[in-house]
Amino acid sequence: MTTIVVAMGEKNEIGSGNQLLWHLPKDLKHFKDLTSGHPIIMGRKTYESIGKALPNRTNIVVSRKKNWFQEGILIVGSIKEAVKFAKKIDENIFIIGGGNVYEQTMEIADRLEVTLVKANLEADTYFPKINDKIWKKTEETCHEKDEKNQYDFCFQTYEKVNG
Ligand SMILES: NC(=O)c1ccc[n+]([C@@H]2O[C@H](COP(=O)([O-])OP(=O)(O)OC[C@H]3O[C@@H](n4cnc5c(N)ncnc54)[C@H](OP(=O)(O)O)[C@@H]3O)[C@@H](O)[C@H]2O)c1
């Protein structure tokens, strides 16, 4: 199973200035629960935005740069290679962004784990449109904002139709 994990606003916005657009500890915990123990694949910009390897997961970073090395991550030159390595480690792999990598992986993904944040924010990076001819929402759990989580949001699971 290849799963894309994303948190996006109501206009599919996901980032600005190489940062996330919100602070939602409940979503960070959800992300950790989903991905811990499994390989994660990300673009070089997302890795730099996080700033370190995430613990308890094999971090696979795609980049076309030559002679770029970082402690604690596996760097590969293509998405195909990233998926090949990840699948050697575990059948369940997670693609965690960003926008550029999502665009290239919607076709190979079997499932989307979306956090839909009930906000409309200025952004420079977006998630691709979720085509309802291709994707069917199979689960949804919503949470209201509180003192620590600044917006209402819903965890949604989408499965590929006939996938
Ligand atoms: N809300 C969310 O769930 C979420 C999740 C993740 C990220 N984000 C946000 O998204 C933004 C970053 O996304 P982004 O679209 O700018 O960048 P990105 O997808 O994280 O990284 C793009 C980089 O990945 C490498 N890359 C992409 N495709 C490749 C391929 N086929 N082969 C080899 N290398 C490839 C290239 O690195 P090189 O330039 O090194 O060659 C490219 O510049 C940030 O704002 C971040 O906070 C949000």
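Both ligands and their constituent atoms are indexed starting at 1 by order of listing. If you read the sequence from its start, that first residue is 1, and numbering goes on from there. Atoms considered below: every heavy atom in the structure, side chains included; atoms not considered: hydrogens, waters and symmetry mates.
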Seminar exercise, completed: the protein heavy atom lying closest to atom 7 (C) of ligand 1 turns out to be Thr46 OG1, 3.2 Å
Exercise. What is the distance from atom CD1 of Ile95 to atom CD1 of Ile4, rounded to the nearest 0.5 Å?
Worked result: 5.0 Å
Problem set entry | Heavy-atom nearest neighbour in the protein, as seen from atom 14 (P) of ligand 1, with distance rounded to 0.1 Å | Gly99 N, 3.9 Å
Problem set entry | Close approach of Met42 to ligand 1, heavy atoms, under 4.0 angstrom | no
Seminar exercise, completed: The answer for which part of Ser49 has a heavy atom under 4.0 Å from ligand 1 is side chain
For this session: Considering heavy atoms of the protein only, find what lies nearest to atom 3 (O) of ligand 1 and give residue, atom and distance to 0.1 Å.
Result: Ala7 N, 2.8 Å
Exercise. For Gln156 and Leu116, which heavy atoms make the closest approach, and how far apart are they?
Worked result: NE2-CD2, 3.8 Å
Seminar exercise, completed: Out of Leu21, Ile50, Asn18, the nearest non-hydrogen contact to atom 12 (C) of ligand 1 is supplied by Asn18
Problem set entry | ligand 1 contact by Ala123, heavy-atom criterion under 4.0 angstrom | no
Exercise. Nearest 0.5 Å, what's the OG1-NZ distance between Thr2 and Lys87?
Worked result: 3.0 Å
Exercise. Which pair of non-hydrogen atoms, one from Ala123 and one from Gly15, has the smallest distance, and what is that distance?
Worked result: CB-O, 3.3 Å
Exercise. Can you list the other members of the hydrophobic cluster that holds Tyr126, where links are side-chain heavy atoms under 4.5 angstrom apart?
Worked result: none
Problem set entry | Ile96: numbered ligand 1 atoms lying under 4.0 Å from its heavy atoms | 5 (C), 6 (C)
Problem set entry | Numbering as shown, the atoms of ligand 1 that approach Ser16 to under 4.0 Å (heavy-atom distance) | 45 (O)
Problem set entry | Residues Lys137 and Asp132 bridged, charged N to O under 4.0 Å | no
For this session: Just let me know how Thr115 lines up against ligand 1, side chain, backbone, both or neither, with a heavy-atom cut-off below 4.0 Å.
Result: neither
For this session: Would you mind finding which of Val114, Val76, Ile14, Asp27 brings a heavy atom closest to atom 8 (N) of ligand 1?
Result: Ile14
For this session: Can you establish whether the number of heavy atoms outside Lys145 located under 6.0 Å from its atom NZ is more than 12?
Result: no
Exercise. For Gln150, does the CD atom sit with more than 12 other heavy atoms under 6.0 Å from it, leaving out its own atoms?
Worked result: yes
For this session: Measure from the side-chain N and O atoms of Asp90 to the backbone N and O of Asn92, and report whether any donor-acceptor pair falls under 3.5 Å.
Result: yes
Problem set entry | atom 15 (O) of ligand 1 [closest protein heavy-atom partner, distance rounded to 0.1 Å] | Asn100 N, 2.7 Å
Problem set entry | Residues in ring-ring contact (aromatic ring centres under 6.0 Å, His included) contact with Phe153, at least two apart in sequence or another chain | His143, Phe155
Exercise. What protein heavy atom sits nearest atom 25 (C) of ligand 1, and how far off is it?
Worked result: Val62 O, 3.2 Å
Seminar exercise, completed: ligand 1 atoms nearer than 4.0 angstrom to some heavy atom of Ser78 are 32 (N)
Exercise. Should we say atom NZ of Lys65 is surrounded by more than 12 heavy atoms from elsewhere, each under 6.0 Å from it?
Worked result: yes
Exercise. If you count the atoms of ligand 1 from 1 in the order shown, which ones are under 4.0 Å from a heavy atom of Thr125?
Worked result: 10 (O), 11 (C), 13 (O), 15 (O)
Exercise. Atom 24 (O) of ligand 1: which protein heavy atom is closest, and how many Å away?
Worked result: Arg44 N, 3.2 Å
Problem set entry | Candidate with minimal heavy-atom separation from atom 43 (O) of ligand 1, of Gln19, Lys45, Met8, Glu13 | Lys45
Problem set entry | Closest contact, heavy atoms only, Ala7 versus Asp27 | CB-OD2, 3.5 Å
Exercise. Does an N or O anywhere in Val6 fall below 3.5 Å from an N or O of ligand 1?
Worked result: no
For this session: Say whether Val5, considering both its backbone and side-chain N or O atoms, lies within less than 3.5 Å of an N or O atom on ligand 1.
Result: no
For this session: For atom 28 (N) of ligand 1, find the nearest protein heavy atom and state the residue, atom name and distance (0.1 Å precision).
Result: Gln104 NE2, 2.8 Å
Exercise. Under the criterion side-chain contact (heavy atoms from CB on, under 4.5 Å), which of Asn12, Val114, Ile96 is the partner of Val6?
Worked result: Val114
Exercise. Does Ile41 reach the side chain of Val83, with side-chain heavy atoms less than 4.5 Å apart?
Worked result: yes
Exercise. Does Tyr102 have a heavy atom less than 4.0 Å from any atom of ligand 1?
Worked result: yes
For this session: For ligand 1, find out whether one of its N or O atoms is nearer than 3.5 Å to an N or O atom of Gly17.
Result: no
For this session: Would you mind listing which atoms of ligand 1 come within a distance below 4.0 Å of any non-hydrogen atom of Gly15?
Result: 45 (O)
Exercise. NZ of Lys118: more than 12 outside heavy atoms within 6.0 angstrom?
Worked result: yes
Exercise. Looking only at non-hydrogen atoms, which of Arg64, Lys65, Glu103 approaches atom 29 (C) of ligand 1 most closely?
Worked result: Arg64
Seminar exercise, completed: of all protein heavy atoms, closest to atom 4 (C) of ligand 1 is Leu20 CD2, 3.7 Å
